[in-house]
Amino acid sequence: MRKWPPRWIDITDRDVLAAIERVPRHRFVPAEFQDYAYEDRPLPIGHGQTISQPYVVALMTQLLEITPDSKVLEIGTGCGYQTAILAELAKEVYTVEVIPELSERAKKTLTELGYENIHFRVGDGWEGWPEHAPYDGIIVTAAAAAWPEPLIEQLAEGGRMVIPVGPSGWDQMLWKATKIGGAMVKERIAPVRFVPLVSKEEQPRTIAGDQNSPLGP
Ligand code: SAH
């Protein structure tokens, strides 16, 4: 019997834990890594990208403080696992992915699982998705070299943004920022390691590789 979700000491939001329990993570993990689908670690999903560690997904989701009437924007659909967790908790989820094949695969998986409140877009997440703004929550699942100004603009007053900021490699910080009186009130959460949020100029190089990254430490 699998023990899922793990007992994380700082994940106390019952709705988040229930969402993690309900979403079948193995449906988002490639065939060769099925044995690890319910281990608390990131895994390769192709195109040099990863499915995030479940603990990090739980932590970032908890920080977003989603309610059933929330509208959430996610940057970096990837395999769609985090998207599913958001869709369990929010009213509508808008998700942007720069690699078309990943967006299509995630859409297929999430449609098969029966989600009807997810909207997909292929494009540069740095620009957000202005047509549906403002958002009550914005989650970025790739590390931005700097705070993306368009995303700040698209966040609702009182809304939360959860985002790793820093260069590729180890020197990134996970932040939670709340928009209060038009200003971003920022809180440092933890050092993290995410794949980079690629800029428009970098995309061709990043998309060209179709290799699985090695398993993380
Ligand atoms: N959310 C995923 C993890 C995604 S990994 C999960 O649930 O596990 C980060 C994703 O961000 C990758 O799929 C990558 O292609 C995407 N990405 C990188 N730069 C981007 C950009 N500028 N716009 C949109 N997506 C981007």
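Remember, it's a predicted structure, so these values are computed and weren't measured experimentally. In each ligand, atom 1 is the first atom listed, and ligand 1 is the first ligand listed.
With a 6.0 Å radius and a threshold of 12 heavy atoms from other residues, nucleotides or ligands, D171 has its CG atom at or below the threshold. The environment of E131 atom CD is dense: over 12 non-hydrogen atoms of other residues, nucleotides or ligands sit within 6.0 angstrom.
The option with the heavy atom closest to atom 16 (C) of ligand 1, from among E97, H47, E127, is E97. Relative to atom 2 (C) of ligand 1, the option among T77, V29, L86, I75 with the closest non-hydrogen atom is T77. Among G48, S52, P148, the residue whose heavy atom sits closest to atom 8 (O) of ligand 1 is S52.
The contact set between ligand 1 and T50, taken as ligand atoms under 4.0 Å from a residue heavy atom, comprises 3 (C), 4 (C), 5 (S), 8 (O). Residue L102 approaches ligand 1 through these ligand atoms, each under 4.0 Å from one of its heavy atoms: 13 (O). Distances below 4.0 Å separate heavy atoms of I51 from the following atoms of ligand 1: 8 (O).
Between the side chain of R160 and the backbone N or O of G158 there is at least one donor-acceptor pair closer than 3.5 Å. No donor-acceptor pair closer than 3.5 Å links the side chain of K179 to the backbone N or O of V185. Between the W4 side chain and the I20 main chain, a donor and an acceptor come within less than 3.5 Å of each other.
One finds no salt bridge joining E97 and R121 here, because no Lys/Arg side-chain nitrogen approaches an Asp/Glu carboxylate oxygen to under 4.0 Å. Ion pairing between a basic and an acidic side chain is recognised when a charged N comes within 4.0 Å of a carboxylate O; E65 and K176 show such pairing.
At a 4.0 Å heavy-atom cut-off, ligand 1 touches P196 through the backbone alone. Counting heavy atoms under 4.0 Å from ligand 1, residue I99 touches it through the side chain alone. The part of Q49 lying near ligand 1 is the side chain, judged by heavy-atom distances below 4.0 Å. Both the backbone and the side chain of V98 come within 4.0 Å of ligand 1, judged by heavy-atom distances. In V195, the part holding a heavy atom less than 4.0 Å from any atom of ligand 1 is the side chain.
For G123, the closest heavy-atom approach to ligand 1 falls below 4.0 Å.
With respect to L64, the side-chain contact (heavy atoms from CB on, under 4.5 Å) criterion is satisfied by exactly one of I138, L86, D136, D13: L86.
On a distance-only criterion, Q82 and ligand 1 share at least one N/O pair closer than 3.5 Å.
No hydrogens or angles considered: nothing links the side chains of H47 and E101 as a donor-acceptor pair under 3.5 Å.
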